[in-house]
Amino acid sequence: MKALVLVSGGVDSTTCLAMAVSEYGKENVVGLSVSYGQKHTKELESARNVAKYYDIELIETDLSPMFKYSDCSLLSHSDKAVPEESYAEQLEKSDGKPVSTYVPFRNGLFLSAAAAIAISKDCGIIMYGAHADDAAGNAYPDCSEVFKNAMNEAIWEGSGHQVRVEAPFVNHTKAEVVKKGLELKAPYELTWSCYEGHDKPCGVCGTCRDRAAAFAANGVSDPAL
């Protein structure tokens, strides 16, 4: 079995990649990194570094034209500031809608692109690092189990029963993701999660806060800091 792993350069995808390499062997794992028009290249650079660490093939693609009409605060053409507060705080003001850092249907597009590549590369599994904390409160609806199951069915049928989708952390917290990664000795020192592209993580955006809490819950310091 060969696996195609969506590699963003962050904690969750790196843990996913560590699991895939552990289970299938690096020779049977392909990484896919996607540029979507984000404000910085830090995560793309981290994806390359993580792929190099595991000595796997990394395919890079650009889906940024798909998001040129969006005003999501993560995108380079947006003049919106990235919120400096937790997702819970953001959701209190969102009227039930996703948070402003939700890139419209991003995981749907990523998984669709991954399916096309997986078929061509003879990969029977696509893995991505969605987890329960991101899906909570509808912050990122394309990280939910319902979404994952729907995409799995669509890709399974659309690929002629050649490819299925796995999100091993979809019912787990980020703290549990980090726990698994620590067990697998995932190279978290190479990862980048911050929505800003400064020399150091900002520490106050939603994903920085979640990352800090996940390492703290495991009683360890973040090796990337």
Side-chain angles (χ1 to χ4, degrees), residues 1-38 40-67 74 103 105-131 134 140 142-143 147-148 151-152 155-156 159 162-170 172 174 177-178 180-195 197 207 211 223-224:
M1 180 67 70
K2 290 181 66 177
L4 179 71
V5 182
L6 287 173
V7 181
S8 73
V11 164
D12 312 316
S13 71
T14 297
T15 309
C16 236
L17 181 56
M19 288 179 66
V21 170
S22 175
E23 185 167 351
Y24 303 111
K26 67 180 184 180
E27 68 278 5
N28 293 314
V29 176
V30 178
L32 174 61
S33 174
V34 182
S35 172
Y36 56 88
Q38 55 267 62
H40 62 81
T41 60
K42 290 276 191 178
E43 59 192 49
L44 298 172
E45 294 164 7
S46 290
R48 294 184 194 113
N49 290 335
V50 170
K52 184 178 180 181
Y53 175 90
Y54 282 110
D55 193 24
I56 63 159
E57 177 184 6
L58 180 67
I59 296 170
E60 300 185 42
T61 192
D62 184 2
L63 294 181
S64 57
M66 302 300 294
F67 305 107
L74 291 193
V103 183
F105 207 65
R106 180 175 65 177
N107 281 345
L109 290 165
F110 284 13
L111 289 170
S112 296
I117 294 170
I119 294 168
S120 304
K121 298 291 289 185
D122 196 29
C123 296
I125 299 172
I126 298 168
M127 296 176 67
Y128 75 117
H131 59 81
D134 276 348
Y140 295 100
D142 57 354
C143 289
F147 175 82
K148 175 262 174 185
M151 288 301 296
N152 178 52
I155 287 173
W156 178 247
S159 68
Q162 296 182 77
V163 182
R164 55 189 171 86
V165 176
E166 290 186 359
F169 313 126
V170 76
H172 297 274
K174 196 176 189 79
V177 174
V178 168
K180 183 65 177 178
L182 292 171
E183 292 171 359
L184 292 169
K185 295 181 170 52
Y188 288 143
E189 69 277 5
L190 302 177
T191 62
W192 182 271
S193 300
C194 183
Y195 287 147
T207 188
R211 176 174 177 140

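All figures in this text were calculated on a predicted structure; none of them were measured in a lab. Hydrogens, waters and symmetry mates play no part in the numbers below; they use all other heavy atoms, side chains included.
Looking at Leu44 and Gln38, their side chains come closer than 4.5 Å, going by heavy atoms from C-beta outward. Taking the side chain as every heavy atom from C-beta outward, Pro168 and Met127 approach each other to under 4.5 Å. Residues Val30 and Cys123 are in side-chain contact: their nearest non-hydrogen atoms beyond the backbone lie under 4.5 Å apart. Contact annotation: the side chain of Ser13 never approaches that of Val5 to less than 4.5 Å [non-hydrogen atoms, C-beta and beyond]. At a threshold of 4.5 Å between non-hydrogen side-chain atoms, the residues Ile56 and Leu17 count as touching.
Salt-bridge formation is detected for the pair Lys121/Glu57: a Lys NZ or Arg NE/NH1/NH2 atom is positioned less than 4.0 Å from an Asp or Glu carboxylate oxygen. Classification of Lys174 and Asp12 as a salt-bridged pair holds, one side-chain N sitting under 4.0 Å from a carboxylate O. Salt bridge annotation for Glu27-Lys2: absent, with no cationic side-chain nitrogen under 4.0 angstrom from a carboxylate oxygen.
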**Message:** Does Phe169 form a ring pair (Phe, Tyr, Trp, His ring centres under 6.0 Å) with Tyr128? I'd like the steps, not just the answer.
**Reply:** CA-CA 9 Å; Phe169 313 126; Tyr128 75 117; over 10 Å; no
**Request:** Please report the C-alpha distance between Arg211 and Thr191 in whole Å, then the side-chain angles of each, then the deciding distance to 0.1 Å, and finally whether the side-chain hydrogen bond (donor to acceptor under 3.5 Å, both in side chains) criterion is met.
**Result:** CA-CA 11 Å; Arg211 176 174 177 140; Thr191 62; 2.9 Å; yes
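Distance check: Leu111 CG to Leu4 CG gives 9.5 Å after rounding to the nearest 0.5 Å. The CG atom of Leu190 sits 14.0 Å away from atom CZ of Arg48, with the distance rounded to the nearest 0.5 Å. Between Cys143 atom SG and Lys148 atom NZ the span is 13.5 Å, to the nearest 0.5 Å. Note that CG of Leu63 is 11.5 Å distant from OH of Tyr36, once rounded to the nearest 0.5 Å. Distance CG/Asn49 to OH/Tyr54: 13.0 Å, rounded to 0.5 Å.
Shown here are the ring pair (Phe, Tyr, Trp, His ring centres under 6.0 Å) partners of Tyr53, two or more places apart in sequence or in another chain: there are none. Considering only residues two or more places apart in sequence or on other chains, Phe110 meets the ring pair (Phe, Tyr, Trp, His ring centres under 6.0 Å) condition with none of them.
Evaluated for a side chain to side chain contact (heavy atoms under 4.5 Å, CB included) with Leu32, the options Thr61, Val7, Leu58 yield exactly one hit, Thr61.
Residues Phe105 and Phe67 keep their aromatic ring centres 6.0 Å or farther apart.
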